[in-house]
Asks: 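This is the structure I have questions about; it appears just below.
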Amino acid sequence: MASRGPLRLAAFALAVSTFAGASLASEPGKPQADKPQTDKPLGVVELFTSQGCSSCPPADEFFAELAAKENVIALAYHVNYWDYLGWQDTLSNKENTDRQYDYMRAFGSRSVYTPQAVINGRSHVNGASRRDVDGALARMDRVGEGMRVGIKVSRTSDRVMIDAGDAGNGPSDAHVVIVYFDPPQMVKIGQGENNGRSLTYWNAVSDIQTAGMWHGKAQRYELPMSEIAKKGGCAVLLQSVGKDGMPGPILGAAFIRKP
């Protein structure tokens, strides 16, 4: 579903047990590794979707499968430009829409659309196409456009430590982007193109923050546990940024699991 209107003013997922508070035991104050996971997942899938888009439910259903994978960082950005069709997306916000428009400019596109899946910050495909999404992830991993920098997460009782690896001869600058998202939730849609449908949405992004800069060398970043604990879920993206400030390739990613 393509948007042709004027530009409006306008980031694996956690299993249910994780949201319930499952964690590894640790001594108080001692850094604790999160649930075992690779520090270089297969890739990052950012789905731009809307409850008011009739083309989106198949993409949302496929996204739920991606969100259950241990080796994929799957984030759903609900946008607000279809709200005029009769239903205001309960999970949308302006920042999500802004991020999609930023990708549009970065890719040199002329419009935005839903469902759009941005893969590793490098290219976009139809978010409802399993073949296109899986194919893009596999191709990028094969040609060296996957997660090139390892991200490891550990924690104490009061803070989260994010360790970004060394790029070697690779890229030298990126933003450390923290993406907060909601627990899975079912929404009954009362108007618009999906009127009467009840759909479950996973990893709906609620906030995006930049936590610091990475300059190609191994570096540690710290976040207060209090900030992480009050969110539904959280992921960290190591994302390069163009000279014009537009988002670029994602070099590394990980989930920050709640205690």
Side-chain angles (χ1 to χ4, degrees), residues 1 11-22 34-35 37-38 41-80 82 87 89-93 96-97 99-100 103 113-121 123-138 140-141 147 179-190 192-208 231-237 250 253-258:
M1 187 168 176
F12 162 96
L14 301 179
V16 173
S17 60
T18 303
F19 285 110
D34 291 314
K35 182 179 178 181
Q37 60 179 327
T38 176
L42 177 62
V44 177
V45 177
E46 297 177 277
L47 176 68
F48 292 91
T49 185
S50 172
Q51 295 169 7
C53 162
S54 61
S55 303
C56 286
D60 297 322
E61 293 173 6
F62 171 47
F63 180 84
E65 297 180 31
L66 292 172
K69 293 181 179 291
E70 292 282 344
N71 66 338
V72 174
I73 306 296
L75 302 166
Y77 299 80
H78 286 245
V79 298
N80 60 15
W82 296 125
W87 176 255
D89 191 309
T90 61
L91 300 173
S92 69
N93 60 57
N96 290 351
T97 303
R99 184 165 175 84
Q100 188 180 27
Y103 271 130
Y113 66 93
T114 54
Q116 179 189 43
V118 174
I119 313 298
N120 296 347
S123 68
H124 63 97
V125 298
N126 181 347
S129 173
R130 182 188 305 270
R131 181 184 65 181
D132 290 348
V133 172
D134 288 347
L137 285 169
M140 290 184 190
D141 184 57
M147 302 296 99
V179 183
Y180 297 99
F181 55 87
D182 294 331
Q185 54 189 291
M186 179 178 289
V187 176
K188 184 175 182 180
I189 300 173
E193 294 189 341
N194 292 316
N195 183 28
R197 303 187 67 166
S198 293
L199 302 170
T200 299
Y201 295 101
W202 286 78
N203 296 9
V205 172
S206 58
D207 192 18
I208 311 168
K231 304 292 186 178
C234 183
V236 55
L237 308 179
I250 296 173
F255 279 105
I256 302 175
R257 302 184 188 282
K258 292 175 65 176

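Predicted model only: the values in this text are computed from it and were never measured.
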Asks: I'd like to check the side chain to side chain donor-acceptor pair (under 3.5 Å) partners of Ser54; sequence neighbours left out, ordered by chain and number.
Replies: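 In terms of side chain to side chain donor-acceptor pair (under 3.5 Å), with neighbours along the sequence ignored, Ser54 is linked to Glu193.
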Asks: Does Leu42 offer a backbone N or O that forms a donor-acceptor pair with the side chain of Asp141 under 3.5 Å?
Replies: no
Asks: Can you give me the closest heavy-atom contact between Ala253 and Met147, atom names plus distance?
Replies: N-SD, 3.9 Å
Asks: Minimum heavy-atom separation for Gly190 to Trp87, with atom names?
Replies: N-CZ3, 3.2 Å
Asks: Of all residues at least two apart in sequence or in a different chain, which pass the side chain to side chain donor-acceptor pair (under 3.5 Å) check with Gln100?
Replies: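 Scan of Gln100 (side chain to side chain donor-acceptor pair (under 3.5 Å), adjacent residues dropped) gives Tyr81, Gln116.
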Asks: Against Trp82, only a single residue in Asp89, Thr49, Thr114 fulfils side-chain hydrogen bond (donor to acceptor under 3.5 Å, both in side chains); can you say which?
Replies: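 With Trp82 as partner, side-chain hydrogen bond (donor to acceptor under 3.5 Å, both in side chains) holds for just one option, Thr114.
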Asks: Determine yes or no for a side-chain-to-main-chain donor-acceptor pair under 3.5 angstrom, with Asn194 supplying the side chain and Gln51 the backbone.
Replies: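 Yes, because the side chain of Asn194 sits within donor-acceptor range (under 3.5 Å) of the backbone of Gln51.
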Asks: Kindly write out the residues that satisfy ring-ring contact (aromatic ring centres under 6.0 Å, His included) with Tyr103, not counting sequence neighbours, or none if the list is empty.
Replies: Phe107
Asks: Return the set of residues passing side chain to side chain donor-acceptor pair (under 3.5 Å) with Asp132 (not counting sequence neighbours), or none when no residue passes.
Replies: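 Ser129.
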Asks: Could you pull out the closest heavy-atom pair between Pro57 and Leu199, with the gap in Å?
Replies: CG-CD1, 4.0 Å
Asks: If you take all heavy atoms of Ala235 and Phe181, which pair is closest and at what distance?
Replies: N-CE2, 4.0 Å
Asks: Output all residues satisfying side-chain contact (heavy atoms from CB on, under 4.5 Å) with Asn93, sequence neighbours left out; order by chain, then residue number.
Replies: Glu95, Asn96
Asks: side-chain contact (heavy atoms from CB on, under 4.5 Å) with Ala128: which residues, sequence neighbours excluded?
Replies: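 Per chain and number, Ala128 pairs via side-chain contact (heavy atoms from CB on, under 4.5 Å) with Pro58, Ala59, Pro115, Asn126.
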Asks: Could you check Leu237 against Glu46 for side chain to side chain contact (heavy atoms under 4.5 Å, CB included), going step by step and ending with a plain yes or no?
Replies: CA-CA 11 Å; Leu237 308 179; Glu46 297 177 277; 4.3 Å; yes
Asks: Going by heavy atoms in the side chains, are Val205 and Arg99 under 4.5 Å from each other?
Replies: no
Asks: Under the side chain to side chain donor-acceptor pair (under 3.5 Å) test, which residues partner Ser50, sequence neighbours left out?
Replies: none
Asks: Report the C-alpha separation of Ile119 and Val44 in whole Å, then their side-chain angles, then the decisive distance to 0.1 Å, and conclude whether the side chain to side chain contact (heavy atoms under 4.5 Å, CB included) test is met.
Replies: CA-CA 6 Å; Ile119 313 298; Val44 177; over 6 Å; no
Asks: Taking the side chain as every heavy atom from C-beta outward, state whether Gln185 and Leu91 have any atom pair closer than 4.5 Å.
Replies: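 Counting from C-beta outward, Gln185 and Leu91 do come under 4.5 Å.
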Asks: Apply ring-ring contact (aromatic ring centres under 6.0 Å, His included) to Tyr201 and list each qualifying residue two or more places apart in sequence or on a separate chain.
Replies: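 Tyr201: ring-ring contact (aromatic ring centres under 6.0 Å, His included) contacts with His78.
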Asks: Could you tell me which non-hydrogen atom of Phe48 sits nearest to which non-hydrogen atom of Val118, and how far apart they are?
Replies: CE1-CG2, 3.8 Å
Asks: Rounded to the nearest 0.5 Å, what separation is found between the CG atom of Leu47 and the CZ atom of Phe62?
Replies: 9.5 Å
Asks: For Asn80, is there any backbone N or O sitting under 3.5 Å from a side-chain donor or acceptor partner on Thr97?
Replies: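 Checking the backbone N and O of Asn80 against the side chain of Thr97, a donor-acceptor pair under 3.5 Å is found.
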Asks: Between Pro41 and Asn71, what is the shortest heavy-atom contact and its length?
Replies: CB-O, 3.4 Å
Asks: Taking only residues two or more places apart in sequence, or in another chain, which ones meet Glu61 in a side-chain contact (heavy atoms from CB on, under 4.5 Å)?
Replies: Arg197
